[in-house]
Visitor: 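There's a structure below that I have some questions on.
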2 protein chains.
Amino acid sequence: MYVNMFFMTEAPICTPDCCPEMFAAPLDDQAAGDLAEIFKALADPTRLRLISLIASSPNAEACACDLAAPVGRSQPTVSHHLSQLVAAGLLEREQRGKWAWFRLDDDRVAAIADALTPAGSNA
Amino acid sequence: MYVNMFFMTEAPICTPDCCPEMFAAPLDDQAAGDLAEIFKALADPTRLRLISLIASSPNAEACACDLAAPVGRSQPTVSHHLSQLVAAGLLEREQRGKWAWFRLDDDRVAAIADALTPAGSNA
DNA sequence: AAGTCATATTGATGTCTGTCGATATGGTAG
DNA sequence: CTACCATATCGACAGACATCAATATGACTT
């Protein structure tokens with residue numbers, strides 16, 4: 001999943017010699033679809049607020065019971081959004097008693113961030 | 001627009017002392033909406049393929065006339081997608097004779113990439 | 001086993017969006 | 001000015017989506 005080509009329009013660092021995959025053919029149908037799924041999960045204000053609420057909570061984790069009020073949405077709506085974020089691989093869900101706790105999937109998020117990182121900074 | 005908090009769940013580098021904005025309250029309604037707009041623009045396979053086609057073209061620019069066929073969409077559809085990408089600030093449009101040329105808005109894209117960069121890599 | 005509480009699912013609804021054919025716009029060339 | 005070509009806009013339509021009230025599920029407590 002190399003989207004880095006987005007960002008290297010003026011990158012003087014990489015060449016087809018050192019980073020052939022960045023000069024490869026554009027995204028095929030499959031890759032574009034997969035990537036779009038990730039961006040779709042991020043393309044809603046309520047979901048972004050949920051993510052940022054969780055990320056800025058103590059221990060970077062939060063109980064679903066504390067999320068509905070801050071985002072001003074009903075409990076079913078919040079539950080639905082959290083499910084989508086889990087499905088997209090952005091959040092991990094853990095059951096603790098009758099509460100559902102959510103945290104960022106660090107590996108997955110790091111991978112996305114990496115794919116979106118300008119070519120220079122990880123070469 | 002500091003989304004970096006997404007990525008710093010385990011970041012040992014930044015503290016509230018050095019990077020106060022990363023520990024700020026979660027995204028407000030306005031910020032979440034703005035960010036979502038950007039992700040929406042990226043949340044479609046056809047638009048991602050257009051972006052990657054342009055980015056991988058010679059000089060990192062492309063004529064609209066060369067984009068419809070590769071993505072397998074009609075001319076109006078491609079025109080519509082390109083407009084959306086311009087509106088989102090991801091592409092710049094330039095008229096050359098009767099042709100429309102598009103290139104990535106490097107500043108804007110860099111800003112987005114920066115916002116999405118893990119905390120460690122630009123500190 | 002029954003009650004209670006947190007969460008998930010269902011069903012419905014209004015809105016947004018990707019797509020195309022048809023048509024309008026605008027630039028170039030003759 | 002007219003013809004032509006590339007691009008944009010319009011109108012329509014099907015599918016996706018965010019949202020909520022109502023209800024189901026599932027877990028703990030007593």
Side-chain angles (χ1 to χ4, degrees), chain A residues 27 29-54 57 61-88 90-103, chain B residues 27 29-30 32-54 57 61-103:
Chain A
L27 268 50
D29 222 0
Q30 163 89 37
D34 293 348
L35 235 201
E37 286 308 307
I38 295 173
F39 285 125
K40 260 181 213 154
L42 294 169
D44 179 85
T46 300
R47 283 195 292 275
L48 287 177
R49 297 189 68 190
L50 289 171
I51 290 176
S52 97
L53 272 167
I54 294 169
S57 295
E61 63 180 7
C63 172
C65 57
D66 294 323
L67 295 173
V71 300
R73 293 288 177 277
S74 71
Q75 176 269 322
T77 297
V78 170
S79 175
H80 179 236
H81 283 310
L82 291 171
S83 293
Q84 282 186 279
L85 290 169
V86 170
L90 295 169
L91 292 185
E92 288 168 341
R93 198 197 112 113
E94 185 192 349
Q95 188 83 28
R96 296 188 198 164
K98 50 185 174 182
W99 294 277
W101 286 77
F102 295 86
R103 58 167 52 249
Chain B
L27 269 50
D29 222 0
Q30 163 89 37
D34 292 349
L35 235 200
E37 286 308 307
I38 295 173
F39 286 125
K40 262 183 212 152
L42 293 169
D44 178 83
T46 301
R47 283 195 292 274
L48 287 177
R49 297 189 68 191
L50 288 171
I51 291 176
S52 98
L53 272 167
I54 294 170
S57 295
E61 62 180 8
C63 172
C65 59
D66 294 324
L67 294 173
V71 300
R73 293 287 176 276
S74 70
Q75 177 269 320
T77 297
V78 170
S79 175
H80 179 235
H81 283 310
L82 291 170
S83 293
Q84 282 186 279
L85 290 170
V86 170
L90 295 169
L91 293 185
E92 288 168 341
R93 198 198 113 114
E94 185 192 349
Q95 188 85 28
R96 294 188 198 163
K98 51 183 173 184
W99 294 277
W101 285 77
F102 295 87
R103 58 167 51 250

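Order of the sequence lines fixes the chain letters, A, B, ..., with proteins taken first and strands second; residue numbering starts at 1 for each chain.
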Visitor: Report the residue (B:Trp99 or A:Lys40) whose heavy-atom-nearest nucleotide on DNA chain D is the more 5′ of the two.
Guide: B:Trp99

Visitor: What residues from residues 71-90 of chain B pass a heavy-atom cutoff of under 4.0 Å to DNA chain C?
Guide: B:Arg73, B:Ser74, B:Pro76, B:Thr77, B:His80, B:His81, B:Gln84

Visitor: Within this structure, what is the CG-CD1 distance for the pair B:Leu90 and B:Ile38, rounded to the nearest 0.5 Å?
Guide: 7.0 Å

Visitor: Walking along DNA chain D from 5' to 3', note the first and the last nucleotide with an atom under 4.0 Å from a heavy atom of chain A, and give both.
Guide: D:dC17 to D:dC28

Visitor: Measure the spacing between CG of B:Leu91 and OG of B:Ser83 and express it to the nearest 0.5 Å.
Guide: 10.0 Å

Visitor: How long is the gap from CG on A:Leu82 to CD1 on A:Ile51, to the nearest 0.5 Å?
Guide: 9.5 Å

Visitor: With side-chain contact (heavy atoms from CB on, under 4.5 Å) as the test, would you mind laying out the steps for A:Asp66 and A:Cys63 before giving the verdict?
Guide: CA-CA 6 Å; A:Asp66 294 323; A:Cys63 172; 4.0 Å; yes

Visitor: I'd like to know if the side chain of B:Arg49 reaches the main chain of A:Leu27, judged simply by a donor and an acceptor atom lying under 3.5 Å from each other, with no hydrogens or angles considered.
Guide: yes

Visitor: If you round to the nearest 0.5 Å, how far is CG of B:Leu50 from OG1 of B:Thr77?
Guide: 10.5 Å

Visitor: Both A:Arg96 and B:Ala64 contact DNA chain D. Which one's nearest nucleotide lies toward the 5' end?
Guide: B:Ala64

Visitor: I'd like to know if the side chain of B:Ser57 reaches the main chain of B:Leu53, judged simply by a donor and an acceptor atom lying under 3.5 Å from each other, with no hydrogens or angles considered.
Guide: yes

Visitor: Which value, rounded to the nearest 0.5 Å, describes the distance between A:Leu67 atom CG and A:Thr46 atom OG1?
Guide: 12.0 Å

Visitor: What is the 5' to 3' range of DNA chain C, first to last nucleotide, that sits under 4.0 Å from any heavy atom of chain A?
Guide: C:dC5 to C:dT9

Visitor: Got a second to check how far B:Glu61's CD is from B:Glu94's CD, nearest 0.5 Å?
Guide: 7.0 Å

Visitor: Please answer whether the main-chain N or O of B:His81 pairs with a side-chain N or O of B:Arg47 as donor and acceptor at a distance below 3.5 Å.
Guide: no

